Amino acid sequence: MAISYNTTSFLFFTFLLLLVPENHSLTSDDLVSELIILRSKSPNGVIHLSNKLFRRILSIPVPRPFSFVVFFDSQKLHSEPEISLPTIKNEFLLLSSSFHTDNPHNNKLFFFDMEFQESQASFALFRVRSLPYICLVPPLATDFKRDSIRMKSSDFSGHAESMAEFIEAKTKLTVGPIHRPAFISKKQKMIIIALGLILTPFLVKKIVAGNTLLHNKHIWMAGSVFIYFFSVSGTMYNIINKIPIAMVDRDDPKKLVFFYEGNGMQLGAEGFTVGFLYTIFGLLLAFITHVLVHVKNRNIQRLVMLLAIFVSFWAVKKVIYLYNWKTGSGLPAYIYHM
């Protein structure tokens, strides 16, 4: 998502940043001590990088005794679903908190976030033109556009884990495992255990009597089909990463894009479509091997078999076509709109 600068504030604050250092006597050790204090006050170790603090960083000579990673943020763009800025920021915060949990005494790397509305001049020094934008600034960086190392979309598409791989590859530091919060809290676990203990006698009585949903073969069949579709459609990936079903067409906001060309991003509708095609193929195969073989009329068997082969061929062909289109294998591109 492109961002635009206010020309007046950009010129004014750029002048302040470049020509008016805040404290000429500030040493590298003083700055590191200040950053450590600011980091300790942050619940996730991410320091808010204001223009004032950025001037302090600019005032110390290179090479700096640390590298730093900057997440460029804009509250006004948090409501734009196609760029998922809040989700990516949460993963950045998780990366920072995990790094400091695993490396509590490491002062060679700091994590910052910067807000566009209050730091347009700093954004301009990095030549940030669109969001999301995350970059690593090495100790020798002087020209922040030229010397900074920007994360590509593929570097944070896998979220905190991919970001950690990027950091480790570029800084030779060890990030450590990502500590994600538990799916359910300890209090919720205790409630579930208590309910389980209370309901256990009633469930045992039902099971012994053979009078539960688990004894209904149709429930098992429907559940198997659901799990199969759930697995092949990438539904769990969509839930964990909060992938939208569709996104607004940037060229025409009145339309929705359900298929995104390029392997850097996948929408929920793409996974559901491929999952549906896989499920059709699987159900036809199950029908042929478990139902059709019991039909005594050979003509009906042949007719149904031909129809199943035709539909299966169509489904597999569509999956291959979508894969080639998605990965850019040279087939004609198309996008479905609503």
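Just so it is clear, the structure is predicted and the values come from calculations on it, not from any experiment.
Other residues, nucleotides and ligands place no more than 12 heavy atoms under 6.0 Å from the NZ atom of Lys170. The number of heavy atoms from other shown groups lying within 6.0 Å of OH (Tyr278) does not exceed 12. Counting non-hydrogen atoms of neighbouring residues, nucleotides and ligands closer than 6.0 angstrom, the CZ atom of Phe276 reaches no more than 12 such neighbours.
Evaluation of the ring-ring contact (aromatic ring centres under 6.0 Å, His included) rule for Phe72 yields Phe123, Phe126, Tyr133 as partners, not counting sequence neighbours. For Asn106, there are no side-chain hydrogen bond (donor to acceptor under 3.5 Å, both in side chains) partners at least two apart in sequence or on another chain. Taking Val32 as the reference, Ile36, Pro65, Phe66, Asn107, Phe110 meet the side chain to side chain contact (heavy atoms under 4.5 Å, CB included) condition, with sequence neighbours excluded. Among residues two or more places apart in sequence or in another chain, the side chain to side chain contact (heavy atoms under 4.5 Å, CB included) test is passed with Lys317 by Phe313. Judged as a side chain to side chain contact (heavy atoms under 4.5 Å, CB included), and not counting sequence neighbours, the contacts of His48 are Asp113, Glu115, Glu118. In this structure, the side chain to side chain contact (heavy atoms under 4.5 Å, CB included) partners of Ala141, at least two apart in sequence or on a different chain, are Arg64, Val137, Pro138, Asp147. Glu165 is linked by a salt bridge (charged side-chain N to carboxylate O under 4.0 Å, His left out) to nothing, counting only residues two or more places apart in sequence or in another chain.
Note that CD1 of Ile88 and CG of Asp73 are 10.5 Å apart. Values are rounded to the nearest 0.5 Å. Atom OG of Ser122 and atom NZ of Lys52 lie 14.0 Å apart (nearest 0.5 Å). To the nearest 0.5 Å, the span separating NZ on Lys172 from OG on Ser67 amounts to 12.5 Å. Expressed to the nearest 0.5 Å, how far CD of Glu34 lies from CD1 of Ile47 amounts to 9.0 Å. Note that the CG atom of Leu131 and the CG atom of Leu77 stand 5.5 Å from one another [nearest 0.5 Å]. A distance of 8.5 Å separates CD of Gln75 from CG of Leu85, quoted to the nearest 0.5 Å.
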Next item on the list: Evaluate ring pair (Phe, Tyr, Trp, His ring centres under 6.0 Å) for Phe99 paired with Phe111, printing each intermediate quantity in order.
Entry: CA-CA 10 Å; Phe99 175 82; Phe111 293 82; 5.6 Å; yes
Next item on the list: Report the C-alpha separation of Phe281 and Trp314 in whole Å, then their side-chain angles, then the decisive distance to 0.1 Å, and conclude whether the side-chain contact (heavy atoms from CB on, under 4.5 Å) test is met.
Entry: CA-CA 9 Å; Phe281 180 84; Trp314 171 83; over 6 Å; no
Check: Given Leu277 and Val316, is the side-chain contact (heavy atoms from CB on, under 4.5 Å) satisfied, shown in steps?
Finding: CA-CA 7 Å; Leu277 294 173; Val316 173; over 6 Å; no
Next item on the list: Quick one: do Arg298 and Leu303 satisfy side-chain contact (heavy atoms from CB on, under 4.5 Å)? Show the steps, please.
Entry: CA-CA 9 Å; Arg298 296 294 183 181; Leu303 179 62; over 6 Å; no
Margin query: With side-chain contact (heavy atoms from CB on, under 4.5 Å) as the criterion, how do Lys89 and Phe71 come out once you've worked through the C-alpha distance, each side chain's angles and the decisive distance to 0.1 Å?
Written below: CA-CA 7 Å; Lys89 183 175 182 179; Phe71 181 90; 3.5 Å; yes
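Taking every heavy atom of both residues into account, Ala160 and Glu91 meet most closely at N-OE1, 3.1 Å. Across all their heavy atoms, Ile178 and Ser98 have their closest contact at CA-OG, 3.5 Å. Between Lys76 and Ser79 the shortest heavy-atom distance is O-OG, 3.8 Å.
A donor-acceptor contact shorter than 3.5 Å links the side chain of Thr171 to the backbone of Leu173. Between the side chain of Arg150 and the backbone N or O of Ser148 there is no donor-acceptor pair closer than 3.5 Å. Between the side chain of Ser40 and the backbone N or O of Ile37 there is at least one donor-acceptor pair closer than 3.5 Å. With hydrogens and angles ignored, the 3.5 Å screen pairs a side-chain donor or acceptor of Ser97 with a backbone N or O of Leu94.
In this structure the side chain of Ile227 reaches within 4.5 angstrom of the side chain of Ser231, judged on heavy atoms. Taking the side chain as every heavy atom from C-beta outward, Leu136 and Leu109 approach each other to under 4.5 Å. Thr27 places none of its side-chain heavy atoms less than 4.5 Å from the side chain of Ile60. No side-chain heavy atom of Arg56 sits under 4.5 Å from any side-chain heavy atom of Leu35. Residues Ile134 and Met163 are in side-chain contact: their nearest non-hydrogen atoms beyond the backbone lie under 4.5 Å apart. In this structure, Pro177 and Asp102 have side chains that are in contact, with non-hydrogen atoms separated by less than 4.5 Å.
Val311 and Phe229 fall within a single hydrophobic cluster, where Ile, Leu, Val, Met, Phe, Trp and Tyr are joined by side-chain heavy atoms under 4.5 Å apart, directly or via other members. A single hydrophobic cluster is not seen to contain both Ile280 and Leu285; linkage of ILVMFWY side chains at heavy-atom distances under 4.5 Å, directly or through other members, places them apart.
Each ring-ring contact (aromatic ring centres under 6.0 Å, His included) pair with one or both residues in residues 290-312, not counting sequence neighbours, would appear here, but there are none.
The other members of the hydrophobic cluster of Val295, by chain and number, are Phe287, Ile288, Val291, Leu292, Ile300, Val304, Met305, Ile309 (side-chain heavy atoms under 4.5 Å, ILVMFWY only). With side-chain heavy atoms closer than 4.5 Å counting as contact, directly or through intermediates, the hydrophobic cluster containing Ile193 also holds Leu197. Other residues sharing a hydrophobic cluster with Leu140 under the 4.5 Å side-chain heavy-atom criterion for ILVMFWY residues do not exist; the residue is a singleton. Hydrophobic cluster membership of Leu283, counting Ile, Leu, Val, Met, Phe, Trp and Tyr whose side-chain heavy atoms lie under 4.5 Å apart directly or via other members: Val225.
For the residue pair Asp30 / Ser33, no side-chain donor-acceptor distance below 3.5 Å is found, with atom types taken as modelled. Judged purely by distance below 3.5 Å, without hydrogens or angles, the side chains of Asn44 and Ser96 never pair a donor atom with an acceptor atom. If you check the side chains of Asn90 and His159, you find no donor sitting under 3.5 Å from an acceptor.
Tested against Phe92, the residues Val46, Thr87, Val70 include a single side-chain contact (heavy atoms from CB on, under 4.5 Å) partner, Val46.
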